[in-house]
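Presented below is the structure to which this report refers.
Note: hydrogens, waters and symmetry copies are ignored here, and every other heavy atom, side chains too, is used. Quick note on labels: first sequence line is chain A, next is B, and so on, each numbered from 1. Keep in mind that what you see is a predicted model, and the values were worked out from it rather than measured.
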Amino acid sequence: MYIYDSVKKTKLLFEPIIPQKASIYVCGPTVYDDAHLGHARSSLSFDLLSRTLKALRYEVTMGKNFTDIDDKIIKKVQETGQSLEEITTHYINRYQEEMRALGVQDADIEPKATESLEAIESMIQGLIDKDIAYVVSSGDVYFDTSKDANYGTISHKVGDDEENQSRVEHNSEKRNPKDFALWKACHGDEDICFETKFSKGRPGWHIECSAMIEKHFTHTHGSDEYSIDIHGGGADLLFPHHENEAAQSRCATGHELAKYWMHNGFVNINGEKMSKSLGNSFFVKDALKVYDGEILRNYLISVHYRNDFNFNEEDLLNSKKRLDKLYRLKKRVTPTKASKPNIAFQKAILEAMSDDLNISVALATIEDMISATNDKLDENPKDKGLKKETLANIELIDKLLGFGGKEPFSYFQIGIDDDTKEKIETLIEARNQAKIEKNYEQSDAIRDELSAMGIAIMDTANGTVWEKL
RNA sequence: GGAGCCAUCGCCAAGUUGGUAAGGCCGUAGAUUGCAAAUCUGCUAUUCACCAGUUCGAGUCUGGUUGGCUCCUCCA
């Protein structure tokens, strides 16, 4: 397995801390609003990583956190009058539901910041004891970036002369402009705060990840050099979030946080980054109202995870056509029992994914397999061995890439209710009768009628089948 | 102002160590079909934003130009 390390900026052979075990930690969402397509893409990217590593027989431990205490959540609490827990629970449930709809496998560990306060406090206290962190008069605790010689090695942002136009907040009590908050002191009665030895307040954004990784991974997957194998997240987290995480962990534990860093690209709408501030967010829940989760998944993973992804409906329909072809093949080999996948196919698709998740090549091998199989099936429609093998191939695709697992006839009938189905069947019967009588005017009229209903029909050796367009 | 990324067929999109441009959609010709659809087969970039350089050889390396994007503030 080769992966692109976005800190070293090169593709590296994946050599885990413990042979055949892979620990992955991905920064999850701050749960104050619904998940948008960007969350989905990040989730999907690391889902593919996890699935690929599993297919390569690694024992994968995946961690993904929920930031459930933060300024925006508190603002929502104040606005809505709901409790913090009500809000975060709601969005966490939504998030999990939607990601599952996209075929994302659940993480093994899903820690919440509010459930990790002890670990957070002890890590901060440790840093204070070493004088790497300091408490200011307000009660805020800052990390002293000047104490970490390696600060800046993650994002390669070095040589800050303070002359740049950095928009770092200016706080006179900070020792260095780049110092960041580990802990934010309470701001009055409206605030949500926790008691600690240093002050009453709540964790800063970066500390929770460090603390949670320390708490959940270090003893099972860590080493003297690294806490975990792979740390992932969106490209925008590289700085300052991951830089700061790395600094905290390095100073608190004496070893590096992650051996490899991976970052996924953005989802753009009309060529621009999708974000709250631009007001062009596209929520997963809205997309799921229009498109089946599997179709969305198939589309969102169709571009390499590191590239930016330009979301548009035309491309989505394009990728749906590719998925349709896979399901048409599945129809041809159903019903049967899967045997073993084709060795060459299995090797090719795994090799593609092992190369830093080269999904394009993986999809091309699928096209190859579909085409070759259809060809053979045209020659010999009753090749049982081929059918069994093909079904196994498709099962492999489902396991590795997370699509193609549906029952093929129902795939083409998503969103059609039973009454309509009955009507369609009746019309097809009538058309077949007309065809037997060679009344082609009649049969074509029926086909037009079905077409007007959004139903396409195809006459096959096994009778007439239909698909929703 | 600082840092970085990207630019490959009408559209989407691969292309580690330089060796002579995957795949899909669309289009098109044919096989098949009562006609279609589905399926199969053939065709579809002498060329990789532009300019210069290194090299026997560059989409791939170097320098420059143009255009687009991101980060430096919460952000997947």
**Message:** Can you pull out the residues from residues 454-469 of chain A that lie within a 4.0 Å heavy-atom distance of RNA chain B?
**Reply:**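 Per residue number, the list reads A:I457, A:M458, A:D459.
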**Message:** At a heavy-atom distance below 4.0 Å, what parts of residues 370-380 of chain A sit against RNA chain B?
**Reply:**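 By residue number: A:S371, A:N374, A:D375, A:D378.
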How far, in whole Å, is [M] from [N] if one measures between their [atom1] atoms?
{"N": "B:C74", "M": "B:G24", "atom1": "P", "result": "45 Å"}
{"N": "B:A58", "M": "B:G2", "atom1": "C1'", "result": "32 Å"}
{"N": "B:G23", "M": "B:G18", "atom1": "C1'", "result": "23 Å"}
{"N": "B:G19", "M": "B:U60", "atom1": "P", "result": "11 Å"}
{"N": "B:G27", "M": "B:U33", "atom1": "P", "result": "23 Å"}
{"N": "B:C9", "M": "B:G59", "atom1": "P", "result": "14 Å"}
{"N": "B:A29", "M": "B:U44", "atom1": "C1'", "result": "11 Å"}
{"N": "B:U32", "M": "B:G42", "atom1": "C1'", "result": "15 Å"}

Which whole-number value in Å describes the distance from [X] [atom1] to [N] [atom2]?
{"X": "A:E208", "N": "B:C74", "atom1": "CD", "atom2": "P", "result": "14 Å"}
{"X": "A:D368", "N": "B:U41", "atom1": "CG", "atom2": "C1'", "result": "15 Å"}
{"X": "A:E313", "N": "B:C11", "atom1": "CD", "atom2": "P", "result": "19 Å"}
{"X": "A:I359", "N": "B:A13", "atom1": "CD1", "atom2": "C1'", "result": "12 Å"}
{"X": "A:H156", "N": "B:U70", "atom1": "NE2", "atom2": "C1'", "result": "16 Å"}
{"X": "A:L316", "N": "B:C25", "atom1": "CG", "atom2": "P", "result": "15 Å"}
{"X": "A:K9", "N": "B:A3", "atom1": "NZ", "atom2": "P", "result": "12 Å"}
{"X": "A:N310", "N": "B:C6", "atom1": "CG", "atom2": "C1'", "result": "13 Å"}

**Validation row, ring centre A:Y327 to ring centre A:F403 under 6.0 Å** =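 No, they do not, as the ring centres are separated by 6.0 Å or more.
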**Message:** Check for me whether the distance between the ring centres of A:Y2 and A:F14 falls short of 6.0 Å.
**Reply:**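 So the answer is no for these two rings.
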List the residues meeting side-chain hydrogen bond (donor to acceptor under 3.5 Å, both in side chains) with [X], not counting sequence neighbours, and say none if there are none.
{"X": "A:D308", "value": "none"}
{"X": "A:K384", "value": "none"}
{"X": "A:D106", "value": "A:R100"}
{"X": "A:H263", "value": "A:S6, A:H242"}

**Item:** Which residue lies more 5' along RNA chain B, comparing A:R322 with A:L37 via nearest heavy atoms
**Value:**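 Whichever sits nearer the 5' end wins; that is A:R322.
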Can you tell me the pairing partner of [N] across any strand shown, Watson-Crick or G-U wobble, with both distances under 3.5 angstrom?
{"N": "B:G19", "result": "B:C56"}
{"N": "B:A31", "result": "B:U39"}
{"N": "B:U46", "result": "none"}
{"N": "B:G4", "result": "B:C69"}

**Request:** Examine the side chains of A:E110 and A:Q96 and answer whether a donor and an acceptor come within less than 3.5 Å of each other.
**Result:**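 Side-chain D/A pair, A:E110 to A:Q96: present.
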**Asked** Regarding A:Y291 and A:E313, is there a side-chain donor-to-acceptor distance under 3.5 Å anywhere?
**Response**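 Distance-only check passes for A:Y291 and A:E313.
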So which protein N/O to nucleotides 14-20 of chain B N/O distances come out below 3.5 Å?
residue	atom	partner	partner atom	Å
B:A14	OP1	A:N307	OD1	2.7
B:A14	O5'	A:S360	OG	3.2
B:A14	O3'	A:N358	ND2	3.3
B:G15	OP1	A:N358	ND2	3.4

Is it the case that [N] (base atoms only) and [X] (side chain only) share a donor and an acceptor within less than 3.5 Å, ignoring hydrogens and angles?
{"X": "A:H263", "N": "B:A76", "answer": "no"}
{"X": "A:K321", "N": "B:C25", "answer": "no"}
{"X": "A:R447", "N": "B:C35", "answer": "yes"}

Under 4.0 Å between any heavy atoms, over every strand shown, what does [X] touch: base, sugar-phosphate, or nothing? Just pick one.
{"X": "A:Y2", "result": "nothing"}
{"X": "A:R431", "result": "base"}
{"X": "A:G234", "result": "sugar-phosphate"}

**Item:** Listed partners of A:D459 passing salt bridge (Lys or Arg N to Asp or Glu O under 4.0 Å), at least two apart
**Value:**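 Partners of A:D459 under the salt bridge (Lys or Arg N to Asp or Glu O under 4.0 Å) test: A:R431, A:K435.
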Identify which nucleotide among [options] has an atom closest to any side-chain atom of [X], counting heavy atoms from C-beta outward.
{"X": "A:K273", "options": "B:C12, B:A76, B:G23", "answer": "B:A76"}
{"X": "A:D444", "options": "B:C71, B:C12, B:G34", "answer": "B:G34"}
{"X": "A:T30", "options": "B:C74, B:A76, B:U39", "answer": "B:A76"}
{"X": "A:A364", "options": "B:C72, B:C12, B:G23", "answer": "B:G23"}
{"X": "A:N318", "options": "B:C11, B:A76, B:G24", "answer": "B:G24"}
{"X": "A:F239", "options": "B:C11, B:G34, B:C71", "answer": "B:C71"}

**Phosphate contact (B:C25 OP1 or OP2) by A:K325 side-chain N/O below 4.0 Å** =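 Indeed, a polar side-chain atom of A:K325 lies that close.
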**Message:** If the test is salt bridge (Lys or Arg N to Asp or Glu O under 4.0 Å), which one of A:R322, A:K320, A:K321 qualifies with A:D324?
**Reply:**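 Checked A:R322, A:K320, A:K321 against A:D324; only one passes salt bridge (Lys or Arg N to Asp or Glu O under 4.0 Å): A:K320.
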**Asked** Is the NZ or CZ atom of A:R175 positioned over A:Y142's six-membered ring, under 6.0 angstrom from the centre and within 45° of the axis?
**Response**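 Not flagged: A:R175 not positioned over aromatic ring of A:Y142.
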**Request:** Output all residues satisfying ring-ring contact (aromatic ring centres under 6.0 Å, His included) with A:F345, sequence neighbours left out; order by chain, then residue number.
**Result:**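 Here no residue qualifies.
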**Request:** Please list, chain by chain and in numerical order, all residues satisfying ring-ring contact (aromatic ring centres under 6.0 Å, His included) with A:H39, sequence neighbours excluded.
**Result:**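 Checked A:H39 against ring-ring contact (aromatic ring centres under 6.0 Å, His included); matches are A:H36.
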**Prompt:** For A:T145, what residues pass the side-chain contact (heavy atoms from CB on, under 4.5 Å) criterion, not counting sequence neighbours?
**Reply:**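 Testing A:T145 for side-chain contact (heavy atoms from CB on, under 4.5 Å), a comparison that skips the adjacent residues, returns A:F143, A:Y151, A:N176, A:K178, A:D179, A:F180.
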**Inter- and intrachain pairs under ring pair (Phe, Tyr, Trp, His ring centres under 6.0 Å), touching residues 87-114 of chain A, at least two apart** =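 Sorted pair list: A:F66-A:Y95.
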